[in-house]
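The sequence lines fix the lettering, A, B, ..., with proteins before strands; numbering per chain opens at 1.
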There are 2 protein chains.
Amino acid sequence: MPEETLDLTFAALADPTRRAILARLSRGEATVTELAEPFAMSQPAISKHLKVLERAGLISRGRDAQRRPCRIEGPALAAVNGWLETYRDIWDQNYRRLDAVLADMQADGKDTTGGH
Amino acid sequence: MPEETLDLTFAALADPTRRAILARLSRGEATVTELAEPFAMSQPAISKHLKVLERAGLISRGRDAQRRPCRIEGPALAAVNGWLETYRDIWDQNYRRLDAVLADMQADGKDTTGGH
DNA sequence: AGGTTCTGTAACCTAATGGTTATGGAAAGC
DNA sequence: GCTTTCCATAACCATTAGGTTACAGAACCT
């Protein structure tokens, strides 16, 4: 909701490595080394990325002995969706078309949706 | 659709000034000076922000004599929504759970979750 | 023609970003 | 107890980002 949170969230999502990490986490929890494995990048680099994602609220970290399993967090993504919703009439063409259809229906009471 | 485009789009959205510009443009076209007016910032700074937004495909610029009217572009925002859609089951679920929690709290203040 | 308005570009500065290597610490395994 | 595994932190480096001031150019207005 706050602007500053959106700053962090969008900034976190602006990196392809971090989006790939989220894609991986969307299929279940994973440890840092598991997350680092697919990338041609050092482990500290991944740790930094995870810190960015955590600060943005996009992931959280638990504890399993030495492991630090990461889990994706929904609310931050929901906030992005919330922001995007305010622009729905702009990007969603179907929404405009529906709007036009509803306007037609209200104009003359005829069913313009049935005769495709 | 391409990863690189998402990079530019998310990065563009990570700045509050640029999101404010988009909010302004969502209510109609505006020139550079019109867009710069609300901000405690120089005009070249706004021009830079507009360049970032344009490179991200979030706005386009027309021509009206010396004016360079800016218009918001839907497809880039639709791309963000498309990316977000692949995570809908994640943030939507949490949304509902939060919703349920809030409903419980508002219902009677009793602990209906069966816990502590 | 000359001045004003609107906008983009260049040069510059500071701070943040994204990567590295080196190191250290906690917990498991032998 | 010693080693190994997993991870974070520190120090450093190059690049990018966001801001500034100064300037230049195009189009309008006398």
Side-chain angles (χ1 to χ4, degrees), chain A residues 3-25 28-73 76, chain B residues 3-25 28-73 76:
Chain A
E3 281 287 307
E4 183 197 86
T5 299
L6 275 180
D7 286 15
L8 292 174
T9 306
F10 278 127
L13 294 178
D15 187 280
T17 300
R18 288 192 289 262
R19 288 199 306 276
I21 288 174
L22 286 181
R24 167 66 182 80
L25 291 178
E29 289 192 8
T31 67
V32 177
T33 42
E34 283 170 357
L35 290 172
E37 189 267 333
F39 300 100
M41 201 180 300
S42 66
Q43 169 263 318
I46 300 294
S47 280
K48 278 195 180 182
H49 282 304
L50 294 176
K51 191 177 230 173
V52 171
L53 288 168
E54 189 177 31
R55 264 178 54 85
L58 285 162
I59 68 169
S60 64
R61 289 189 253 193
R63 196 158 266 185
D64 173 20
Q66 326 116 317
R67 325 289 184 75
R68 205 65 57 90
C70 297
R71 181 173 13 117
I72 194 169
E73 285 291 329
Chain B
E3 281 288 305
E4 185 197 85
T5 299
L6 275 180
D7 287 13
L8 292 174
T9 306
F10 279 127
L13 295 177
D15 187 280
T17 301
R18 288 193 287 263
R19 288 199 305 276
I21 288 175
L22 285 181
R24 167 66 183 79
L25 291 179
E29 289 192 6
T31 67
V32 176
T33 41
E34 283 170 358
L35 290 172
E37 189 268 333
F39 300 101
M41 200 181 298
S42 66
Q43 168 263 316
I46 300 295
S47 279
K48 277 195 180 183
H49 282 303
L50 294 176
K51 192 178 229 173
V52 172
L53 288 168
E54 190 177 28
R55 265 177 54 85
L58 285 162
I59 68 169
S60 63
R61 291 190 251 191
R63 199 158 264 185
D64 172 21
Q66 326 116 319
R67 324 290 184 73
R68 204 66 57 91
C70 296
R71 181 172 15 116
I72 194 170
E73 286 291 329

Checklist outcome for this item: Dot-bracket for DNA chain D, 5' to 3', Watson-Crick and G-U pairs with both distances under 3.5 Å, [ ] for crossing pairs, | for partner on another strand, reads ||||||||||||||||||||||||||||||
Which atoms form the tightest heavy-atom contact between [X] and [Y], and what is the distance?
{"X": "L25(B)", "Y": "C70(B)", "result": "CD2-O, 3.5 Å"}
{"X": "A12(B)", "Y": "R18(B)", "result": "O-NE, 2.7 Å"}
{"X": "L13(A)", "Y": "F10(B)", "result": "O-CD1, 3.3 Å"}

Checklist entry - Can a side chain N or O of H49(A) be found less than 4.0 Å away from OP1 or OP2 on dG19(C)? => result yes
Next on the checklist: dG19(D), OP1 or OP2 - any side-chain N/O from S42(B) closer than 4.0 Å?
Outcome noted: no
Checklist entry - Can you find a heavy atom in the side chain of R71(B) that is under 4.5 Å from one in the side chain of I59(B)? => result no
Checklist entry - Can you check side chain to side chain contact (heavy atoms under 4.5 Å, CB included) on R61(A) and K51(A), steps first, answer last? => result CA-CA 10 Å; R61(A) 289 189 253 193; K51(A) 191 177 230 173; 4.1 Å; yes
Item to check | Chi angles and distances behind the side chain to side chain contact (heavy atoms under 4.5 Å, CB included) call for E73(A), L58(A) | outcome: CA-CA 5 Å; E73(A) 285 291 329; L58(A) 285 162; 5.8 Å; no
Checklist entry - Looking for any heavy atom pair under 4.0 Å, which part of the strands does A45(B) touch: base, sugar-phosphate only, or nothing? => result base
Mind calculating the distance between [atom1] ([X]) and [atom2] ([N]) to the nearest angstrom?
{"X": "D7(A)", "N": "dA15(C)", "atom1": "CG", "atom2": "P", "result": "19 Å"}
{"X": "L53(B)", "N": "dG18(D)", "atom1": "CG", "atom2": "C1'", "result": "13 Å"}
{"X": "E37(A)", "N": "dC6(D)", "atom1": "CD", "atom2": "C1'", "result": "15 Å"}
{"X": "L13(A)", "N": "dG18(C)", "atom1": "CG", "atom2": "P", "result": "12 Å"}
{"X": "D15(A)", "N": "dA16(C)", "atom1": "CG", "atom2": "C1'", "result": "14 Å"}

Checklist entry - Going by atom types alone, do T33(A) and E37(A) pair a side-chain donor with an acceptor below 3.5 Å? => result no
Next on the checklist: Counting only side-chain heavy atoms from C-beta out, which of dG18(C), dG19(D), dG19(C) sits nearest to T17(A)?
Outcome noted: dG19(C)
Checklist entry - Step by step, would you call E3(B) with R19(A) a salt bridge (charged side-chain N to carboxylate O under 4.0 Å, His left out)? => result CA-CA 9 Å; E3(B) 281 288 305; R19(A) 288 199 306 276; 2.8 Å; yes
Checklist entry - Under 3.5 Å, side chain of E34(B) to main-chain N/O of T31(B), donor-acceptor pair present? => result yes
Checklist entry - What one-letter contact string describes nucleotides 3-11 of chain C from 5' to 3', where B marks a base within less than 4.0 Å of any protein heavy atom, S marks contact via sugar-phosphate atoms alone, and - marks no contact? => result --BSBBB--
